[in-house]
Amino acid sequence: MTSQFQLVMRTGPVPGTVYPLEGEQLTIGRDPSNPIHIADAEVSRRHARLMLQGGRYVLEDLGSTNGTLVNGRRISAPYVLKPGDVISLGESISLVFEAVTFDPGATVVSPSAKATVAAPPPAAAVPPARPAAPAPAPYPAPTPVPPMAPPAAPTERKFPLPILIAVLAFLLLLCACGGFLWWVDATYRWCTFFPFLFPGACP
């Protein structure tokens, strides 16, 4: 198996663009002469450089205006890239470094392989039917609530007998006093019963 590396634009002018990395030295920049050409104002004319060293690519910033970041950190020295690293050029350009592994012999089909007929897969065993779940027990009927008894009517207060007798006695006394005074006045007996009311007038 052999490995090939590539850059895939995640955000930028054309997201999804794939840049195969072929060669020992590749430059990234806005100028069309760069092997990896990105036409964006945030990318410098010669922004960064990729160098193949020991089977791995090393990223180096070339004094760009907006800087080169790997996984959100700005690099100030050569950085050895690992698959999955995110390279940011400015604020709106991001590229993902990927390793593509393939086997050149995987596309060769042997004659025996052509003659082999794949046996149909065995029929899937039908799982036994599960027993039906028992029906849930019915909910008990609600207990009827007895109706509330109506409130008792307020009892009438009875007039106490002693007070009634006292009131009647007072009224009788008042009538007797009134009748007596009327009789005294009618018979001119004021001096007889009440001489102190008319001092000097009674003989």
Side-chain angles (χ1 to χ4, degrees), residues 1-139 142:
M1 291 187 178
T2 59
S3 297
Q4 183 179 359
F5 299 98
Q6 64 184 14
L7 293 178
V8 180
M9 181 177 289
R10 176 183 292 176
T11 58
V14 188
T17 304
V18 178
Y19 301 95
L21 303 182
E22 299 176 353
E24 295 184 356
Q25 184 169 320
L26 303 168
T27 55
I28 306 172
R30 189 176 70 249
D31 193 283
S33 62
N34 293 283
I36 300 177
H37 171 227
I38 301 176
D40 192 275
E42 292 191 7
V43 181
S44 300
R45 294 176 61 85
R46 285 173 54 86
H47 198 105
R49 176 170 54 195
L50 290 166
M51 296 174 292
L52 184 61
Q53 297 179 359
R56 296 183 297 179
Y57 274 98
V58 179
L59 178 65
E60 180 183 9
D61 184 75
L62 297 178
S64 61
T65 303
N66 294 320
T68 303
L69 295 82
V70 178
N71 300 328
R73 293 186 177 183
R74 188 164 184 166
I75 62 172
S76 57
Y79 178 87
V80 180
L81 292 173
K82 301 179 295 298
D85 285 343
V86 179
I87 303 170
S88 301
L89 311 176
E91 295 183 358
S92 60
I93 311 296
S94 63
L95 305 166
V96 180
F97 179 75
E98 295 181 351
V100 181
T101 304
F102 63 95
D103 187 357
T107 57
V108 179
V109 180
S110 63
S112 59
K114 292 183 180 179
T116 303
V117 178
V126 179
R130 295 184 178 179
Y139 290 100

Can you list, pair by pair, the side-chain donor-acceptor contacts under 3.5 Å of residues 36-44, counting residues two or more places apart and other chains?
from  : atom 1 : to    : atom 2 : distance (Å)
His37 : NE2    : Arg30 : O      : 2.9
Asp40 : OD1    : Glu42 : N      : 2.9
Glu42 : OE1    : Glu91 : N      : 2.7
Glu42 : OE1    : Ser92 : N      : 3.1
Glu42 : OE1    : Ser92 : OG     : 3.3
Ser44 : OG     : Thr65 : N      : 3.1

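Between the CG atom of Leu81 and the CG atom of Asn71 there is a distance of 9.0 Å, given to the nearest 0.5 Å. Interatomic distance, CG of Leu69 versus CD1 of Ile87, reported as 10.5 Å (0.5 Å rounding).
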Inset, instruction - Show your reasoning for whether side-chain contact (heavy atoms from CB on, under 4.5 Å) applies to Leu52 and Val58. - result: CA-CA 6 Å; Leu52 184 61; Val58 179; over 6 Å; no
Legend entry - side-chain contact (heavy atoms from CB on, under 4.5 Å) between Leu50 and Tyr19, worked out: CA-CA 12 Å; Leu50 290 166; Tyr19 301 95; over 6 Å; no
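The side-chain heavy atoms of Leu26 and Ile28, taken from C-beta on, include no pair separated by under 4.5 Å. Proximity of Gln4 to Pro20: side-chain heavy atoms (C-beta onward) are separated by under 4.5 Å at one or more points.
Heavy-atom minimum distance, Gly90 versus Asn66: CA-CB, 3.7 Å. Of all heavy-atom pairs between Leu62 and Arg46, the closest is CB-O, 3.6 Å. Across all non-hydrogen atoms, the minimal contact from Gly12 to Ile93 is CA-CD1, 3.7 Å. Between Gln6 and Leu21, the closest heavy-atom pair is CA-CG, 3.9 Å.
Take Ser33 and apply the side-chain hydrogen bond (donor to acceptor under 3.5 Å, both in side chains) test, not counting sequence neighbours, and it matches Asp31. For Thr11, the side-chain hydrogen bond (donor to acceptor under 3.5 Å, both in side chains) test picks out Ser94, with sequence neighbours left out. Not counting sequence neighbours, the partners of Phe97 by the ring pair (Phe, Tyr, Trp, His ring centres under 6.0 Å) test are Phe5.
Within the structure, every pair that satisfies the side chain to side chain donor-acceptor pair (under 3.5 Å) test and touches residues 52-61, not counting sequence neighbours, is listed here: Arg49-Glu60, Asp61-Ser64, Asp61-Thr68.
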